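Just so it is clear, the structure is predicted and the values come from calculations on it, not from any experiment.
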Amino acid sequence: MIRARVVVASNRASAGVYADTSGPLLVAGLRELGCEVDDPVLVPDGDPVGQALRTALADGVDVVLTSGGTGINPTDRTPEVTRAVLDYEIPGIAEAIRAYGREKVPAAALSRGLAGVVGRMLVVNLPGSTGGARDGLAVLGPILAHAVDQVRGGDH
């Protein structure tokens, strides 16, 4: 069983200004993929994202999908905070998600999301939109189980 967590990086949603829509979509998608996942964790963008990643690692989570904070707005800091936590990056995942989204929404090329590994946990940054969440799930669906197996030390 893959243990997953969704971390939503949104200053406004975490403050209760509006309801997050991408987090529940990601939770449902991960459950459809057979993952064990609780409700999304909402945090402001920036350092709280890093803390949420470290907490997930300490909790033995296999996969964390973040949603939000990947754009080019000055308050979007999720990639920088994620990079500081990662042991190494997996650029192909982030590139595939951007390429998949760019076919429908040219602005998907502006996403700065990362993918990588910390300890034995896969981390993937996704855009905060529901479209970005769907694109991320579409790309991750066919590779998630294999990626987690590899991160856990499985054979090729």
Enquirer: Check salt bridge (Lys or Arg N to Asp or Glu O under 4.0 Å) between Arg77 and all other residues, then give those that pass, not counting sequence neighbours.
Expert: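 Arg77 satisfies salt bridge (Lys or Arg N to Asp or Glu O under 4.0 Å) with Asp47 once adjacent residues are dropped.
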Enquirer: Taking side chain as C-beta onward, heavy atoms only, is Asp135 less than 4.5 Å from Lys104?
Expert: yes
Enquirer: Less than 4.5 Å apart, side chain to side chain, heavy atoms only: is that true for Asn11 and Pro44?
Expert: yes
Enquirer: Going by side-chain heavy atoms closer than 4.5 Å, which hydrophobic residues are tied to Ile72, directly or by a chain of links?
Expert: Leu110
Enquirer: Can you tell which of Leu26, Val8, Leu25, Leu65 makes a side chain to side chain contact (heavy atoms under 4.5 Å, CB included) with Pro40?
Expert: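 It is Val8, the one option of Leu26, Val8, Leu25, Leu65 that forms the side chain to side chain contact (heavy atoms under 4.5 Å, CB included) with Pro40.
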Enquirer: For Thr78 and Ala9, work out which heavy atoms get closest and say how close.
Expert: OG1-CB, 3.4 Å
Enquirer: Is Met1 reachable from Leu144 through a run of I, L, V, M, F, W or Y residues, each pair having side-chain heavy atoms under 4.5 Å apart?
Expert: no
Enquirer: Linking I/L/V/M/F/W/Y whenever any side-chain heavy atoms sit under 4.5 Å apart, do Val6 and Val148 land together?
Expert: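 Yes; Val148 is reachable from Val6 via cluster members.
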Enquirer: Taking a hydrophobic cluster as the set of Ile, Leu, Val, Met, Phe, Trp and Tyr residues connected by side-chain heavy atoms closer than 4.5 Å, whether directly or through intermediates, do Val27 and Val61 fall within one such cluster?
Expert: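 In one cluster with Val27: Val61, no.
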Enquirer: Taking only residues two or more places apart in sequence or in another chain, which ones pass salt bridge (Lys or Arg N to Asp or Glu O under 4.0 Å) with Arg54?
Expert: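 Counting only residues at least two positions away or on another chain, Arg54 forms no salt bridge (Lys or Arg N to Asp or Glu O under 4.0 Å).
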Enquirer: List the residues meeting side-chain contact (heavy atoms from CB on, under 4.5 Å) with Val139, not counting sequence neighbours, and say none if there are none.
Expert: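 Ala96, Ile97, Tyr100.
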Enquirer: Is there side-chain contact between Leu57 and Val85, with heavy atoms separated by less than 4.5 Å?
Expert: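 Counting from C-beta outward, Leu57 and Val85 never come under 4.5 Å.
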Enquirer: Going by the rule side-chain contact (heavy atoms from CB on, under 4.5 Å), which residues pair with Ala4 if we only count those two or more places apart in sequence or in a different chain?
Expert: Leu30, Cys35, Val37, Val63
Enquirer: Is there a side-chain contact between Arg5 and Thr55, using heavy atoms and a 4.5 Å cut-off?
Expert: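 The answer is yes, as the side chains (C-beta and beyond) meet within the 4.5 Å cut-off.
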Enquirer: Can you sort out the partners of Asp38 under side-chain contact (heavy atoms from CB on, under 4.5 Å), two or more places apart, ordered by chain and number?
Expert: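 Expected list: none.
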Enquirer: Not counting sequence neighbours, which residues clear salt bridge (Lys or Arg N to Asp or Glu O under 4.0 Å) with Arg83? List them please.
Expert: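 For Arg83 the salt bridge (Lys or Arg N to Asp or Glu O under 4.0 Å) partners, ignoring immediate neighbours, are Glu89.
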Enquirer: Looking only at non-hydrogen atoms, find the nearest pair between Ser22 and Ser67 and report the distance.
Expert: OG-OG, 2.5 Å
Enquirer: For Asp76, give me all partners under side-chain contact (heavy atoms from CB on, under 4.5 Å), at least two apart in sequence or on another chain.
Expert: Asp45, Asn73, Arg112
Enquirer: Using the test salt bridge (Lys or Arg N to Asp or Glu O under 4.0 Å), find all partners of Arg3 that sit at least two apart in sequence or belong to another chain.
Expert: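 Expected list: Glu36.
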Enquirer: Looking at every heavy atom in both Ala13 and Leu42, which two are closest together, and how far apart are they?
Expert: O-CD2, 3.5 Å
Enquirer: Could you list the cluster mates of Tyr18? Members are the ILVMFWY residues connected by side-chain heavy atoms closer than 4.5 Å, either directly or through other members.
Expert: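 Traced through the cluster, Tyr18 reaches Val17.
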Enquirer: Could you pull out all donor-acceptor pairs under 3.5 Å where a side-chain atom in residues 114-127 meets a protein atom, sequence neighbours excluded?
Expert:
unit_1	atom_1	unit_2	atom_2	d
Arg120	NH1	Val151	O	3.1
Arg120	NH1	Arg152	O	3.0
Asn125	OD1	Leu114	N	3.1
Asn125	ND2	Thr66	OG1	2.8
Asn125	ND2	Thr82	OG1	3.1

Enquirer: How close do Ala56 and Val64 get, counting heavy atoms only, and between which atoms?
Expert: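 Scanning both residues completely, I find the closest heavy atoms to be CB-CG2, 3.6 Å.
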Enquirer: Go through the structure and list residues passing side-chain hydrogen bond (donor to acceptor under 3.5 Å, both in side chains) with Thr21, not counting sequence neighbours.
Expert: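 Not a single residue meets the side-chain hydrogen bond (donor to acceptor under 3.5 Å, both in side chains) criterion with Thr21.
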